[in-house]
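Everything below concerns the one structure shown next.
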Amino acid sequence: MNVQYVTVLGATGSIGVNTLDVISRHPDRYRVFALCAHTQIEKLFEQCRMHTPRYAVVRDAELAEDLSRRCRCAGLATEVLHGVDALVAVASAPEVDSVMAAIVGAAGLAPTLAAARAGKRILLANKEVLVMAGQLFMEAVRQHGAQLLPVDSEHNAIFQALPADFSRGLGPCGVRRVLLTASGGPFRNAPQSALAHVTPEEACAHPNWVMGRKISVDSASMMNKGLEVIEAHWLFSCPAEAIQVVVHPQSVIHSLVEYIDGSVLAQLGNPDMRTPIAYALAWPERIDAGVSQLDLFQIARLDFQPPDFTRFPCLRLAYDVLAAGGTAPAILNAANEIAVAAFLERRLPFLGIPRLIEATLATVSVSSANRLDDVLAADASARRVAEAMISEMLVT
Ligand code: NAD
Ligand code: MG
């Protein structure tokens, strides 16, 4: 068996750590080529000790010098680089087979796009890439023969439940619609009045998954499901009207595909990201992921509810921008990143998140998203507008 060289973008995050856990179970199959993080030097150093990558990448020269010194003292040959160009380089280097795209937010766009253009196998967790630049990214994947494997648990489930040749079109494959499950987050049953006062700590306490702070807030506002609707649209060429969100509080069914003959195929499993990570790493094979067996008797029941677009307006906004097309999803994504950061810093209340996104969408004009520059310009102006609205208290 050929050993696969893997670059992990976002190694110190929740997905990155789970990826390294799966990799460490299969030393005969995988070697780490590069580990990338933003600022968590200590954690990255420990990971370097454990996985001896050829490269490590951090945010800036100062952090790089710090990590480099630690590596030298520990007798590690890891070369430490810094900045976006270095992320791009280790995501597209000829020695690399697979790239785990697990940076959070728009910061992941450049290296993930570089991996696509270099024809890599991309394990995509960083859904914001597809929300911002879905058309461009999918074109790059096709043009350069990259292989795209969804890591987001819902999309991984759909990928597993679709026929292998789904890229010829869902209609021709007999697919009627996809059913995207959502846990409903920590505020699924909270009355509207209580949502006004929720804290970052409450928003980050997800009932079923342990995740990074940004995606945890997105889950609480249901923007995560909105981003995932857009992600599903691009991954599977699925029209918005054929994507049904289903609230399923147990997070055991990770999503479903409905066919025209009435069959509905689902993928089930414990809520543990190592399952979709292992699937994406080894596809089309299956490998041990260290995940405990699903105990149906213990679960006993599975519940389903329609989503509440009134209490969770972010979900509606995501369908709206998908219909609007062009740079509208990039504007929504940027405004959401600013809103979530402000909420986590207690500069914006929870209910201010959809208000800020809506106000930004009403201010920044939408253009076509055919070129990367269009997307980056929309992202930059949305961030500027959203930040200004927060500091001038135009949205509270
Ligand atoms: P996290 O916050 O735990 O980790 C983020 C990682 O990105 C860290 O390693 C951090 O160092 C790195 N990073 C942050 N900003 C960066 C920047 N500007 N430049 C370079 N690196 C940077 O996040 P996470 O929960 O692991 O999520 C990562 C991505 O995966 C997100 O897009 C999220 O939506 C997606 N995802 C996560 C889960 C999950 O269970 N955690 C599930 C599905 C999808
Ligand atoms: Mg998901």
Side-chain angles (χ1 to χ4, degrees), residues 7-21 34-44 46-47 56-60 63-64 67 81-88 90-91 100-112 122-132 149-159 180-185 204 206 208-219 221-232 235 245-246 248 251 253-255 267 269-277 280 333 336-337 340-341 344 379 383:
T7 282
V8 184
L9 302 168
T12 52
S14 160
I15 294 288
V17 167
N18 278 310
T19 302
L20 292 175
D21 180 277
L35 291 176
C36 311
H38 202 216
T39 54
Q40 281 182 284
I41 297 300
E42 256 150 56
K43 196 164 178 182
L44 188 59
E46 285 310 319
Q47 292 180 335
V57 183
V58 294
R59 184 185 60 191
D60 56 45
L63 292 171
L67 180 62
L81 311 172
H82 64 90
V84 178
D85 291 347
L87 291 175
V88 165
V90 298
M100 166 53 80
I103 289 176
V104 58
L109 178 61
T112 311
I122 301 170
L123 286 43
L124 187 72
N126 190 186
K127 64 194 85 183
E128 294 91 346
V129 167
L130 279 177
V131 175
M132 287 178 79
L149 293 152
V151 169
D152 211 348
S153 57
E154 298 77 3
H155 306 75
N156 189 270
I158 293 166
F159 186 83
L180 201 61
T181 54
S183 69
C204 288
H206 196 279
N208 305 339
W209 302 93
V210 181
M211 309 181 287
R213 279 160 72 79
K214 193 259 178 183
I215 184 176
S216 296
V217 176
D218 284 347
S219 300
S221 68
M222 289 203 72
M223 179 53 95
N224 183 49
K225 213 46 55 179
L227 301 179
E228 291 185 359
V229 167
I230 302 172
E231 182 184 13
L235 282 173
V245 172
V246 178
H248 163 48
S251 298
I253 296 184
H254 299 304
S255 277
Q267 186 257 356
N270 285 324
D272 186 325
M273 287 308 293
R274 290 176 301 175
T275 295
I277 290 167
N333 179 67
N336 182 54
E337 287 191 27
V340 171
L344 287 171
D379 176 83
R383 280 169 202 273

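Counting starts at 1 for both ligands and their atoms, following the listed order.
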Exercise for review: Go through ligand 1 atom by atom and flag the ones less than 4.0 Å from a non-hydrogen atom of A125.
Suggested key: 30 (O), 32 (O), 35 (C), 36 (N), 44 (C)

Review point. For the atom pair CG (L123) and OG1 (T19), what is the distance rounded to the nearest 0.5 Å?
Key: 7.5 Å

Exercise for review: Report yes or no: does K214 have a heavy atom closer than 4.0 Å to ligand 1?
Suggested key: no

Practice item. Provide the number and element of each atom of ligand 1 under 4.0 Å from a heavy atom of G212. Key: 1 (P), 2 (O), 3 (O), 23 (O), 25 (O)

Review point. What is the closest protein heavy atom to atom 5 (C) of ligand 1, and at what distance does it sit?
Key: V104 CG1, 3.7 Å

Point to revise | Protein heavy-atom partner closest to atom 9 (O) of ligand 1 - residue, atom, separation in Å | key: T12 OG1, 2.8 Å

Review point. Side-chain contact, heavy-atom cut-off 4.5 Å: T275 with Q267?
Key: yes

Exercise for review: Output the distance between atom CE (M100) and atom CG (L124), rounded to the nearest 0.5 Å.
Suggested key: 9.0 Å

Review point. Hey, does A102 sit under 4.0 Å from ligand 1 if you only count heavy atoms?
Key: yes

Revision key, fill the gap. Correct closest heavy-atom pair for S14 and G212 would be CB-N, 3.9 Å

Revision key, fill the gap. Ranking V8, L44, I15, N18 by closest non-hydrogen atom to atom 26 (O) of ligand 1, top hit is I15

Check your understanding: What protein heavy atom sits nearest atom 34 (O) of ligand 1, and how far off is it?
Key -> K127 CE, 3.2 Å

Check your understanding: Any idea which atoms of ligand 1 are less than 4.0 Å away from a heavy-atom of M273?
Key -> 40 (O), 42 (C), 43 (C)

**Study point:** Option set Q40, H38, M211, criterion heavy-atom distance to atom 22 (C) of ligand 1, minimum
**Key:** H38

**Study point:** Reported CD1-to-CG distance for the pair I230 and L235, which is rounded to 0.5 angstrom
**Key:** 12.0 Å

Review point. Who's the nearest protein heavy-atom neighbour of atom 32 (O) of ligand 1, and how far?
Key: E128 OE1, 2.7 Å

Exercise for review: Mind checking the CD-CD spacing from E228 to E154? Nearest 0.5 Å is all I need.
Suggested key: 4.0 Å

Exercise for review: Heavy-atom distances under 4.0 Å are what count here, so tell me which part of A11 touches ligand 1: side chain, backbone, both or neither.
Suggested key: backbone

Review point. Is there a side-chain contact between E128 and E337 (heavy atoms, below 4.5 Å)?
Key: yes

**Study point:** For atom 12 (C) of ligand 1, the protein heavy atom that lies nearest, with its residue and separation
**Key:** G10 CA, 4.0 Å

Review point. Looking at side-chain heavy atoms only, is the closest gap between K214 and D218 below 4.5 Å?
Key: yes

Exercise for review: May I ask you to identify, for R59, whether its side chain, its backbone, both or neither come under 4.0 Å of ligand 1 on a heavy-atom basis?
Suggested key: neither

**Study point:** Side-chain touch V104/I215, heavy atoms, less than 4.5 angstrom
**Key:** no

**Study point:** Nearest-contact summary for atom 3 (O) of ligand 1 - protein heavy atom, Å
**Key:** S14 N, 2.9 Å

Exercise for review: Please write down residue, atom name and distance for the protein heavy atom closest to atom 4 (O) of ligand 1.
Suggested key: G13 CA, 3.1 Å

Revision key, fill the gap. dist I277:CD1 -> I15:CD1 (nearest 0.5 Å) comes out at 4.5 Å

Point to revise | Per-residue contact class, I215 against ligand 1 - non-hydrogen pairs under 4.0 Å | key: side chain

Practice item. Provide the closest heavy-atom pair for L35 versus A11 in the form atom of the first, atom of the second, distance. Key: CD2-CB, 3.8 Å

Study note, to complete from the structure: Here the pair of heavy atoms bringing A56 nearest to L67 is CB-CD2, 3.9 Å

Practice item. Name the closest protein heavy atom to atom 29 (C) of ligand 1, giving the residue it belongs to and the distance to 0.1 Å. Key: I103 O, 3.7 Å

Exercise for review: With the side chain counted from C-beta on, respond yes when V131 and N336 share a heavy-atom pair under 4.5 Å apart, and no when they do not.
Suggested key: no

Practice item. Taking atom CD of E46 as the centre, report whether more than 12 heavy atoms of other residues, nucleotides or ligands fall under 6.0 Å from it. Key: yes

Review point. Closer than 2.8 Å to the Mg ion (ligand 2), which protein N, O or S atoms?
Key: D152 OD1, E154 OE1, E228 OE2

**Study point:** Rounded distance [0.5 Å steps], CE in M132 versus CG in N126
**Key:** 9.5 Å

